[in-house]
Amino acid sequence: MTDTGARATHTEAGGTTGRRPDTTPTVTGWTGWVAFAAIMMMLLGAFQIIEGLVALLNTRYFVVDESGLVIQVNYTTWGWVHLALGALLVLVGIGVYLGNRAAQITGIVLAGLSAIVNLAFLPAYPLWAIIVIAVDVLVIYALAVHGKEIRAV
């Protein structure tokens, strides 16, 4: 057997392949969760857009008026915040689904920002804000721990 250099790797049969060891991430059951996170980001983005439009068009829809919010700004401002965040979540969710690593990192940041925004918006629409925060946490976990796996598919 001859030595083919540092680039060669041994196979199970004892020979060399002449290739470097495989560095692709192992695909596990969490790959589906990363795809779920991407789809949930797109869905949450759509819901944020709807919530933003409601805040812009129908301020009487919410449980409290602007003075009862954690950050006391008018619903028009909240509407634009939700609208912009929603649009970004949809776009980044598409990037995550396609396996873009920059989109995965941005998705973690946006999901964290979404959780904070919904925590501040909690008095206006409590049940929905809690649901959004819970899904944001799942998205952050799936992207942070298993985000590399979707690129291997």
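Between atom CG of residue Leu119 and atom CD1 of residue Ile130 there is a gap of 9.5 Å, rounded to the nearest 0.5 Å. Between the CH2 atom of Trp128 and the CD1 atom of Ile50 there is a distance of 8.5 Å, given to the nearest 0.5 Å. The line from CG of Leu110 to CD1 of Ile105 is 12.0 Å long, rounded to the nearest 0.5 Å. Here Trp80 contributes atom CH2 and Leu53 contributes atom CG; the two are 8.5 Å apart, rounded to the nearest 0.5 Å. Taking CD1 of Ile39 as the reference point, atom CZ of Phe36 lies at 8.5 Å (rounded to 0.5 Å). The line from CE of Met42 to CG of Leu91 is 10.5 Å long, rounded to the nearest 0.5 Å.
Panel note: side chain Asn58, backbone Val54; no donor-acceptor pair is recorded below 3.5 Å. A side-chain donor-acceptor contact under 3.5 Å links Thr106 to the backbone of Ala102.
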Quick one: do Met41 and Val90 satisfy side-chain contact (heavy atoms from CB on, under 4.5 Å)? Show the steps, please. CA-CA 6 Å; Met41 285 177 65; Val90 169; over 6 Å; no
Residue pair Gln48, Asn118: steps toward the side-chain contact (heavy atoms from CB on, under 4.5 Å) verdict: CA-CA 10 Å; Gln48 292 277 22; Asn118 280 284; 3.0 Å; yes
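Linking Ile, Leu, Val, Met, Phe, Trp and Tyr residues whenever their side-chain heavy atoms come within less than 4.5 Å leaves Val137 and Val117 in two separate clusters. The hydrophobic cluster containing Val92 does not contain Val109, counting ILVMFWY residues as joined when their side-chain heavy atoms lie under 4.5 angstrom apart, directly or transitively. Under the 4.5 Å side-chain contact rule for hydrophobic residues, Ile116 and Phe47 do not share a cluster.
The shortest heavy-atom contact between Leu122 and Ala129 is CD1-CB, 3.6 Å. Nearest heavy-atom pair across Ala115 and Ile133 is O-CG1, 3.7 Å. Pairing each heavy atom of Ala55 with each of Gly79, the nearest pair is CB-CA, 3.6 Å. When all heavy atoms of Ala111 and Ile140 are compared, the pair lying nearest together is CB-CG1, 3.6 Å. Across Gly95 and Ala103, no two heavy atoms sit closer than the pair C-CB, 3.5 Å.
Counting heavy atoms from C-beta outward, Met40 and Leu138 have side chains that stay 4.5 Å or more apart. Side chains of Leu56 and Tyr75 form no contact here, defined as non-hydrogen atoms less than 4.5 Å apart. Looking only at side-chain heavy atoms (C-beta outward), Leu83 and Glu51 stay at 4.5 Å or farther from each other.
Residues passing the ring pair (Phe, Tyr, Trp, His ring centres under 6.0 Å) test with Phe121 are Phe62, Trp78, His82, sequence neighbours excluded. With sequence neighbours excluded, the residues that form a side chain to side chain contact (heavy atoms under 4.5 Å, CB included) with Leu44 are Val132, Val135, Asp136.
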